[in-house]
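Written out below as structure tokens is the structure these notes cover.
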Amino acid sequence: MDNTGTSRVLGMKANLLLCFVLLCIVGIEVFLTYRHLSTETLLAFLLVLAFFEAAIAVTYFMHLKYESPNLAWSLIPALIFVLFMMGNMLPDAMRVLNLRVIHW
Amino acid sequence: MSSPEPAVHHHGPPQSFIRKYIFSLDHKVIGKQYYGLALIAVLAGLILSWLMRIHLGWQAAAIPLLGKLSPTGAPGNVMTPDYYLSLMTMHATLMIFFVLTTAPFAAFGNYLLPIQVGAEDMAFPRFNMMSFWVTFVAFVVLILSFFVGDGPPLAGWTSYAPLSSVGGVAGPGQGTGQTLWAVSIAIFCIGQLLGSLNFITTTLDLRTKGMSLARMPLSTWGWFVTSVIALLAFAALLPACVLLILDRTAGTSFFSSAGLVVNDQVLPHSGGSPLLWQHLFWFFGHPEVYIAILPGFGIISTVLPAFARKRILSSRAVIGCMVSIGFLSYMVWGHHMFVSGMNPFSAVLFSLPTLIITIPATIMVLLWLGTLYGARMRYTASALFSVGFISVFITGGLSGFFLAQPSLDTYLHATYFVVAHFHFVMALAAMFGIFAGTYFWFPKMFGRMMNETLGKWHFWLTFIGVYCVFMPMHYLGLAGNVRRYAAFTDNYLAPLIPLHRFISISAFFVGAAQLIFFFNLFWSRFWGAKATDNPWEATTLEWSTTSPPPFDNFGGRHLVVYHGPEEYGVDSDTLEYVMQTAPEQIKTT
Amino acid sequence: MNEPEVAVGIDHETWNEESPYRIPSRKLGMWLFILSDAVTFAAILYAYAFVRLATANWTRPFEVSSIVNGVVMTTVLLVSSVTTLAALDAAKHNQRSRSVTWLGVTMLLGMLFAALHIREWIKMIDKGWRLFQNPTGGPVLFGSTFFCITGLHLMHIIAGVVAIAVVAIKYSRGSLDTGHVESVGLYWHFVDLVWMFVFPLVYLMNAK
Amino acid sequence: MGKLFGVVLAIITVVSAGFIVAHVWWMPVDISTIGPRIDRQLDETMLATGVLFLSSQLILAAFAWKFGDDKERKIKYFPGGGGPLIVFAIILVGMEILVLSFVGSKVWASIYMTPPEQGSLQVDVAAEQFAFNFRYPGPDGKFGTVHPERVRDGNGNFFGLDPENDVDARDDVIVGTLTVPLGQPVALTMHSKDMIHSFYVPELRIQQDIVPGLTIPLHFTATKVGKFEIVCTQLCGLGHYSMRSFLEVLPQDQFDQWLKSQSGD
């Protein structure tokens, strides 16, 4: 942290490089979309790639890496915990699918 | 660092009336505004509960003036079944959102949290002001639903879809009233998000020198943990309410399934599921229960030692319990849905963490009991409400053992047993916390003492009264008495009506006791005895300043903290208690 | 004995406990807002996952042209993130006008994104897509979820453009400092980050 | 004041527990095969929580009685501090919840996670604002297909059947009272026409929400002859309080006779 209270960030060259990497990942995502994968496989790939992108964005663009580690340790586990818990509603979606009244 | 953060002196003392009392940036004024809002809401909620209890005891009773309020809801002053449900819905919504969330959390938190950590104001005073006024708008929108064409909503505070989502076709109260409900709650979410963001930042950033996290009073810890829960919980309710509004007004069907038939007409909805609303709602709804009660834990853990004249048994353990309860509150929402058609395997998964919550709760109760052991308890009104809190919390917590088990929930779900449980553990415990806090901090907030005699009468009538009201509800629940019924037409419920009448009569007494409190509050505000700076000989920072505190809380002084928040009974010969700001030379642990 | 220490006129650092995060309150507030906003987006994305899982014959309407449009939008947003960083970089070197220029570029890119997005919406509405209607005859919930999720994101974009405009104007006048540029940048990156989930989950997963 | 609190709290505690112990208001008679296990589970929970209730409230009362503001007495700290109490709480409550949740889950699983027995009587339940309707498949053992658009409450077509075109639907028996034979397992498939309703028979110890859009299975076996009330427990609109029906348990021969008489006309 410098005297403006802002955190260190990467240089512009590195930022452009990261931007390029992110665009490449988007390219991979689009490529995968048209590979006729099953929905589940595609979803798994896309989610992994999206979380990877998000990690890059949070770490460097939002420069969480250069803040106090406490901040990352407070925010990220809290969010992951909430995301994980929300997942508990999905078994019921399957139940809705399986017990759906077809003609009702 | 050249202080890019204008943490101190955001604003000078305001001069104009509007800036001073209406759109004030001062956290103390905002805290009082929240308290005032809660008072109005609790009065409305109390009156609604009276009306409900009259109806439950004596179905045919004419209630004077009720017909004036709603000619359709109470023709000839006799309540219709749908109006009963509307009153019940409004009672719950007002109490849970506008009393149990605003009073212990937003009101006391706003007034006291900055003072207790030694700050001059909140981190974001402007957000703080917006937080109150947004909440106020939410309140007005909710109250408006009393006056719309087809009456206030009647789907309960949980507003289960599709009753709440298909619109006016579902019956009276499901038109504009229900839409206003959803809009009100969505607005309320925004207000509380602003508030909790503020609380967290203030607690972490604006602590005065020496106020380490371990030295923060337990009440501050309570508000802090609550605001973390609120930050995440209200964020989940907001989109749920938006989707509900869209379902009602834009014709989407997130929460309505295909092929609904009302009045022989097939509704146009298709595709959604009511279970989605239940999941989104309870993902917020269960943490909300702890938003209501956690500030109570904090307040009691601060008030009790002050009157017991000794430290709480293990303040670290209390903090740990509050944090773990906050954590667990996100893992248990499914226990509201055991018989809702949820996957039965999920029920087992939700049941275990629910039961685990009883461990930190038990630890806290034991620590409070251990604090009372060997104390020299000064039984003021505030102290009485603190021990009363422990009692009602025990009673309410124990009935949770039954409801946390899916196998018993199949019998007890949606009976009065549940009503008894959540009133004891959430409503009464939180209310007792609010009362303890009010009697304790009133001198600080208004510079005048509350009348102790009236306070004690208030306590005795309330304490005995609530047991008379809510204890029998356990028996009703065990007898299979279903909740949310406007009348008991079923044969097996008819024998229970005398017990309902007993409850109703007790409820009138409890309500009357609250009038004593209201009177005491207003009378003491203007004619109470002048309060000294530290009437209870308490140690936290708010007692280091004048009563009421000046605009910047400490009159331009910067406090330095040297001690923990509850150094009571340090050395009973020379020094009975040590202020947090007392200089270093007094050795404490 | 209870006389507190008294001192006046010494700054925050001297008289306050250090924040565990060692960042200004404004930035902490922004991070907390981002956390809570992330939960909001998560809830709505989970709602989408729920209704999609529960629907057997989900509609996948996006033509290649829509996906290409989506890729262009993604690129615009990613580049705008870099321009935000450029603005921050300039601000840290005290080059106010250069920083304001970069903020302006970010705003333009944000508006371009919104324009592309609205064009996409209009195209879909012309085809008969509504919140409650599926022109292909399949489940109506595709339209509901698509418009809700992207609408929420679009609102964030528009709010972001307005926020950047306010910061840029005030910063150029000198009434705001580098910290504000950084905070508004955090928000903008977050909106970008959400798009990194919305694009694959809403667009790619629904490509024909 | 503390002494008074102790006395009042002790009285409240004893009176409250007294009504439970004396079973003044208690569960109605149990008429199902899973009922005894639920009742035992409830009794065990009641015993455990009852002990905790009495002991903790009476300890609170005793402490309030004993430890008032007595200037003569020195302040005492709890022997051993908070640590032992915490360990005590974790072990005591931990054991209790492990036992309860282990036994309870088995009871739960036996109701909701097991399929109905072979040869169960199939009954289709349709809930609507504010009534239950029950449908038996008739002699052919098949339910007719349901058509929401054909539902007419006025002419009794609660299930939206189409007897003209649908052979299975012609012999379906539709009644307003759930009549079941004694001792034979009954498998309900429940659906709702409009709102969420709930199927609750206190005597069966079973409660299950009926969610629109889902066909929810539920099964039970009645063990006593008699007529019992079915009530709706999920808020479903203005007439929620009046939404009820009856469960009539008949001996097997009477049931067969009844079913025959119903499908006769």
Side-chain angles (χ1 to χ4, degrees), chain A residues 1-2 4-12 15-16 18-20 22-23 25-27 29-30 32-34 39 42-43 45-47 49-54 56-58 60-64 67-68 70-71 74-76 78-79 82-83 86-87 89-98 100, chain C residues 19-24 26-28 31-32 34-35 38-39 42-43 45-47 49-56 58 64 67-68 70-71 74-75 78-79 81-82 84-86 88-89 91-92 177-179 181-183 185-186 188-190 192-194 196-197 199-201 203-205 207:
Chain A
M1 184 156 61
D2 57 20
T4 56
T6 55
S7 121
R8 194 164 84 78
V9 286
L10 289 177
M12 285 316 292
N15 283 332
L16 278 170
L18 282 176
C19 181
F20 180 71
L22 290 174
L23 280 172
I25 297 175
V26 173
E29 284 178 347
V30 176
L32 286 171
T33 307
Y34 290 100
T39 311
L42 178 62
L43 178 66
F45 273 120
L46 290 184
L47 274 180
L49 288 172
F51 272 105
F52 187 61
E53 282 182 296
I56 291 179
V58 169
Y60 297 104
F61 285 3
M62 297 165 88
H63 40 76
L64 194 56
E67 309 285 7
S68 151
N70 285 344
L71 188 61
S74 308
L75 297 173
I76 306 296
L79 183 59
V82 169
L83 291 181
M86 274 189 181
M89 66 173 76
L90 294 183
D92 273 3
M94 298 309 293
R95 195 170 153 84
V96 172
L97 177 66
N98 295 328
R100 200 179 270 284
Chain C
S19 155
Y21 303 130
R22 296 189 199 87
I23 51 174
R26 187 189 325 104
K27 206 202 282 188
L28 178 59
W31 271 111
L32 292 172
I34 286 171
L35 178 66
V39 174
L45 283 170
Y46 265 111
F50 188 100
V51 293
R52 181 161 182 174
L53 267 176
T55 307
W58 188 258
V64 176
I67 300 296
V68 170
V71 172
T74 313
T75 315
L78 277 172
V79 172
S81 257
V82 178
T84 323
L85 286 166
L88 177 60
D89 193 57
K92 282 162 91 99
D177 57 33
T178 314
V181 178
E182 189 193 29
S183 291
L186 281 179
W188 192 255
H189 297 308
F190 169 71
D192 186 3
L193 187 155
V194 170
M196 289 172 194
F197 286 88
F199 178 62
L201 292 179
Y203 280 82
L204 296 182
M205 288 300 291

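Quick caveat: nothing in here was measured; it's all calculated off a predicted structure. Hydrogens, waters and symmetry mates are skipped; everything else that's a heavy atom, side chains included, is used. Protein chains get the first letters and strands the later ones, always in sequence-line order, with residue 1 at the start of each.
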Residue selection (most heavy-atom pairs with chain C, distance under 4.5 Å) from A:Val82, A:Leu32, A:Leu42: A:Leu42
Spacing of A:Ile56 atom CD1 and C:Leu193 atom CG [to the nearest 0.5 Å]: 11.0 Å
Results of side-chain contact (heavy atoms from CB on, under 4.5 Å) for C:Leu35 - residues two or more places apart only: A:Leu75, A:Leu79, B:Leu231, B:Leu232
Test side-chain contact (heavy atoms from CB on, under 4.5 Å) applied to A:Leu47 - qualifying residues, sequence neighbours left out: A:Leu43, A:Phe51, C:Leu201
Student check: side-chain heavy atoms of C:Ile67 and A:Tyr34 closer than 4.5 Å: yes
Part of A:Thr33 within contact of chain C (heavy atom distance under 4.5 Å): side chain
A:Leu23 side chain near C:Val71 side chain, heavy-atom distance below 4.5 Å: no
Heavy-atom check, side chain of A:Val58 versus side chain of C:His189, under 4.5 Å: no
Between CG on residue C:Leu53 and CG on residue A:Asp92, distance to nearest 0.5 Å: 11.0 Å
Side chain to side chain, C:Leu186 and A:Phe61, heavy atoms closer than 4.5 Å: no
Whether C:Tyr46 side chain and A:Leu83 backbone form a donor-acceptor pair below 3.5 Å: yes
Contacting region of A:Asn98 [heavy-atom separation from chain C under 4.5 Å]: neither
From C:Asp89 atom CG to A:Asn15 atom CG, the distance as rounded to the nearest 0.5 Å: 8.0 Å
Min side-chain heavy-atom separation A:Leu64-C:Trp31 under 4.5 Å: yes
Leading residue by heavy atom contact count with chain C [cutoff under 4.5 Å; candidates A:Leu18, A:Leu10, A:Leu22]: A:Leu22
Close side-chain approach of C:Met196 to A:Val26, heavy-atom, < 4.5 Å: no
Contact winner vs chain A - C:Ala207, C:Pro200, C:Ala42, heavy-atom pairs under 4.5 Å: C:Pro200
Heavy-atom side-chain proximity of C:Thr55 to A:Leu97 below 4.5 angstrom: no
Gap between atom CE of A:Met62 and atom CD1 of C:Ile34 - 0.5 Å precision: 3.5 Å
A:Asn70 side chain to C:Pro20 backbone, donor-acceptor under 3.5 Å: yes
Residue among A:Met94, A:Met89, A:Glu53, A:Arg95 with most heavy-atom pairs under 4.5 Å to chain C: A:Glu53
Residues C:Lys27 and A:Glu67 bridged, charged N to O under 4.0 Å: yes
